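This report concerns only the one structure given below.
Keep in mind that what you see is a predicted model, and the values were worked out from it rather than measured. In what follows, chains are A, B, ... by sequence order, proteins preceding strands, each numbered from 1.
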2 protein chains.
Amino acid sequence: MSGMNRRRITSKELAKLAGVSSATISRAFSPDSRIGSATRDRILAVAREHGYQPNAIARSLNNQRSRLVALVVNAIGNPCEAEEQQLLVHRLQARQLLPIILCCADHSDRLQLMRLASTYQVDHVVVFSDMVSMQDAVDIFHTTKPIIVSFEPLENEDVSSIRIDGSEAADEIIDKIVRDGKKRFAYLSGTNSSWIDKLRRKWFADALAKRGLSFEAQAFGDYSYDSGFKEAVLLLHRDKVDAIICGNDVMAIGARDAARRVLRKNTPDDIAIVGQDGIAMAAWDCNDLTTLSLDHVAFIDAVVELIERHDAEIEGPHSITLTCTARWGSTA
Amino acid sequence: MSGMNRRRITSKELAKLAGVSSATISRAFSPDSRIGSATRDRILAVAREHGYQPNAIARSLNNQRSRLVALVVNAIGNPCEAEEQQLLVHRLQARQLLPIILCCADHSDRLQLMRLASTYQVDHVVVFSDMVSMQDAVDIFHTTKPIIVSFEPLENEDVSSIRIDGSEAADEIIDKIVRDGKKRFAYLSGTNSSWIDKLRRKWFADALAKRGLSFEAQAFGDYSYDSGFKEAVLLLHRDKVDAIICGNDVMAIGARDAARRVLRKNTPDDIAIVGQDGIAMAAWDCNDLTTLSLDHVAFIDAVVELIERHDAEIEGPHSITLTCTARWGSTA
DNA sequence: ATGCATTGTGCACACGATTACACAAACGGT
DNA sequence: ACCGTTTGTGTAATCGTGTGCACAATGCAT
């Protein structure tokens with residue numbers, strides 16, 4: 001009870017204390033097993049008294065079920081993923097699943113990191129990061145079937161995925177900006193060339209093409225405020241663009257600050273700036289960003305749905321498609 | 001090799017394939033064990049060919065060492081903790097330790113959550129959250145000697161802790177604001193009453209007291225932008241304060257927006273606003289916040305230092321104290 | 001050639017739980 | 001009173017590794 005005892009008590013020891021066998025201890029902690037209710041109550045009482053809890057590691061070894069979930073993410077701090085991570089972690093915890101975070105940004109060997117996690121026999125893997133190739137994830141977690149969350153078209157693979165479609169919303173946004181008289185568009189990528197970045201850019205490029213336009217310039221940042229600021233200065237000054245589509249909201253805020261501070265230009269009159277993700281911060285009064293937004297709750301609902309299907313051992317790779325919406329602010 | 005095989009191969013099976021005993025397989029994967037280098041090379045080759053990796057769950061059971069670390073946090077998305085979480089996760093991964101995240105905000109039963117994690121025999125526990133009582137953490141992880149990140153004085157307990165002292169920096173900041181002529185101070189708390197909030201408030205209250213002043217008003221938010229915005233409107237309008245010390249940076253940004261938008265008052269001339277944490281966002285051009293800042297790198301260095309001492313089984317509870325610094329922006 | 005230290009490998013048990021099987025006791029229906 | 005079913009518990013095997021011990025083989029010094 002008190003914090004005295006260092007060592008954790010085992011089921012066999014508790015068995016001796018309660019005058020039963022260790023099998024009965026185990027049964028006392030398994031909801032639907034044949035055990036007398038009097039015995040169970042007594043065991044639970046003794047267990048509480050001695051601070052006994054079944055060892056999840058040993059249980060996992062026997063069960064072949066660890067109740068661990070690997071979340072492969074770029075970073076924790078970055079708001080664009082953070083809201084989804086937060087939601088998912090809550091949903092997992094409610095199901096008694098524990099998340100193991102794998103941070104891929106700045107990590108020299110992402111593959112080794114994933115291999116390490118895979119040795120822990122995780123039950124599920126959710127890939128948010130665009131810094132790992134899906135094929136690598138599938139190979140490394142090949143025993144874990146359920147792999148997840150992709151923006152890229154994962155053909156013939158035995159993995160479940162969530163596809164995201166923002167083409168319609170991108171079209172709406174481009175429509176508005178073009179009607180406002182903007183003519184020279186730039187795309188500010190989040191990474192040099194990840195599948196998710198390519199896809200997002202394509203949504204807007206298609207919308208432009210439909211109107212006989214295309215991107216006049218393209219820059220590459222790293223999803224950070226600073227890179228948004230720096231690249232926007234170049235785009236505005238050197239390339240004279242009057243509309244910047246950014247790979248995420250944080251860079252868009254940086255770009256807006258650059259326009260305002262360095263070039264003395266204001267949105268949406270002088271230039272248009274568009275973000276992506278629809279993070280909460282984008283709606284703050286000081287930002288008020290126009291952004292291509294994804295419904296985070298629906299997104300995480302989909303992830304949990306896939307996890308549950310997998311748990312229920314419903315066969316075959318599943319796929320869910322979500323569409324983005326335009327969220328209007330004062331920047332475009 | 002290819003993604004075909006569903007089941008993971010075991011050491012005994014690999015042993016048969018390599019014509020050795022399973023003990024030798026184990027030794028091939030343990031760096032300093034007596035094994036012929038030829039045998040080891042052959043085994044590693046066969047292992048690679050069949051995609052074998054030792055099962056970390058089984059190893060943990062045998063070793064009494066899981067290489068898992070529980071991180072008890074309020075939330076993932078909130079920037080105030082996120083930067084530290086990010087840093088720590090990287091440092092852990094570099095040591096081949098895997099972090100399990102426990103999100104306490106909005107979770108009905110934090111104790112049960114911690115108990116769940118404790119059954120996984122985590123090697124270390126780091127408590128960032130101020131929503132759990134230290135005593136609870138110590139009790140639940142009594143076998144683990146948690147590394148506590150504590151602002152509160154944890155006396156006589158057998159846990160390592162990191163104390164944070166911001167009194168000096170708070171004094172500097174109050175000094176500047178008072179010299180600027182501000183007279184009516186308010187404190188905007190992050191939570192109703194957590195130990196961390198109490199301590200932070202005390203730093204500023206002491207600085208005020210030293211000058212014969214005290215807080216004219218106090219409000220309670222929830223560390224979010226919206227709560228900062230909403231409470232600031234009340235403080236400025238109802239209580240006519242001209243300086244607001246906020247429990248974190250995000251609320252400070254909300255308060256600044258409220259002052260500017262609703263009350264048409266500007267910082268630092270009309271009112272002074274101070275944040276706490278020193279997150280990156282506070283330095284963005286659009287925010288430029290004056291804030292009581294903690295060196296995140298030094299902070300995480302301290303956490304890792306404690307973890308290492310704990311790993312090296314250096315006895316006794318350790319304690320490290322860090323001091324905050326004032327980071328000046330245009331809001332105070 | 002003998003004795004001793006070193007190296008490499010296998011056997012068998014431990015880690016802490018779950019669970020199929022066996023079996024005794026209790027129960028209910030005729 | 002008898003038999004079949006249900007209920008509760010113990011025994012022992014299992015999950016996949018790590019490791020102490022035993023033992024054979026090799027190397028080295030005398």
*Tell me, with the steps shown, if A/R8 and B/T143 meet side-chain hydrogen bond (donor to acceptor under 3.5 Å, both in side chains).*
CA-CA 6 Å; A/R8 198 169 282 269; B/T143 59; 3.0 Å; yes
Closest to side chain of [X], choosing from [options]:
{"X": "A/Q64", "options": "C/dG16, D/dC15, D/dG10", "result": "D/dC15"}
{"X": "B/T39", "options": "C/dG8, D/dG10, C/dT19", "result": "C/dG8"}
{"X": "B/R34", "options": "D/dA12, C/dT7, C/dA17", "result": "C/dT7"}
{"X": "A/N63", "options": "C/dG10, C/dT19, C/dA17", "result": "C/dT19"}
{"X": "A/A23", "options": "C/dT9, D/dG10, C/dA17", "result": "D/dG10"}
{"X": "A/T10", "options": "D/dG18, C/dA17, D/dG16", "result": "C/dA17"}
{"X": "B/R59", "options": "C/dT19, D/dG10, D/dG18", "result": "D/dG18"}
{"X": "B/Y52", "options": "D/dT17, C/dT9, D/dT9", "result": "D/dT17"}

*Which of parallel (below 30°), tilted (30 to 60°) and perpendicular (above 60°) describes A/F128 and A/F299?*
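Ring orientation of A/F128 relative to A/F299: tilted.
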_Any N or O donor-acceptor pair under 3.5 Å from the base of D/dT14 to the side chain of A/N62?_
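Indeed there is one.
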_B/T24 vs B/A58, nearer the 5' end of DNA chain D by closest nucleotide_ =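 In this pair, the answer is B/A58.
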*If you pin B/Q53 and B/R27 to their nearest nucleotides in DNA chain D, which one's is more 5'?*
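Its nearest nucleotide lies further toward 5', so the answer is B/Q53.
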Between [X] ([atom1]) and [N] ([atom2]), how many Å, whole number?
{"X": "A/R8", "N": "C/dC15", "atom1": "CZ", "atom2": "P", "value": "16 Å"}
{"X": "A/N55", "N": "D/dC15", "atom1": "CG", "atom2": "P", "value": "18 Å"}
{"X": "B/K12", "N": "C/dC11", "atom1": "NZ", "atom2": "P", "value": "11 Å"}
{"X": "B/I25", "N": "D/dG18", "atom1": "CD1", "atom2": "P", "value": "11 Å"}
{"X": "B/D32", "N": "D/dG18", "atom1": "CG", "atom2": "C1'", "value": "14 Å"}
{"X": "A/E13", "N": "C/dC15", "atom1": "CD", "atom2": "P", "value": "10 Å"}
{"X": "B/I57", "N": "D/dT14", "atom1": "CD1", "atom2": "P", "value": "21 Å"}
{"X": "B/R65", "N": "C/dG16", "atom1": "CZ", "atom2": "P", "value": "16 Å"}

*Among A/H90, A/Q85, A/R91, find the one that has a side chain to side chain contact (heavy atoms under 4.5 Å, CB included) with A/I300.*
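Output: one option passes, namely A/R91.
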*asked:* With side chain to side chain contact (heavy atoms under 4.5 Å, CB included) as the test, pick out the partner of B/V132 among B/L113, B/V127, B/N74.
replied: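 It is B/V127; the other options fail the test.
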_Minimum side-chain heavy-atom gap B/I76-A/V89 below 4.5 Å_ =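 They are in contact (side-chain heavy atoms under 4.5 Å apart), so the answer is yes.
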*Taking OP1 and OP2 of C/dT18, is either one under 4.0 Å from a side-chain nitrogen or oxygen of A/S22?*
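For C/dT18, OP1/OP2 do not have a side-chain N/O of A/S22 under 4.0 Å.
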With a 4.0 Å cut-off on heavy atoms, is [X] in touch with a base, just the backbone sugar-phosphate, or nothing at all?
{"X": "A/S26", "result": "base"}
{"X": "A/S21", "result": "base"}
{"X": "B/I35", "result": "sugar-phosphate"}

*asked:* Between A/S30 and B/S37, which residue's closest nucleotide on DNA chain C lies nearer the 5′ terminus?
replied: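 Of the two residues, B/S37 wins.
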*Looking at B/R95, B/R67, B/R65, which one forms a salt bridge (charged side-chain N to carboxylate O under 4.0 Å, His left out) with B/D311?*
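Answer after filtering B/R95, B/R67, B/R65: B/R65.
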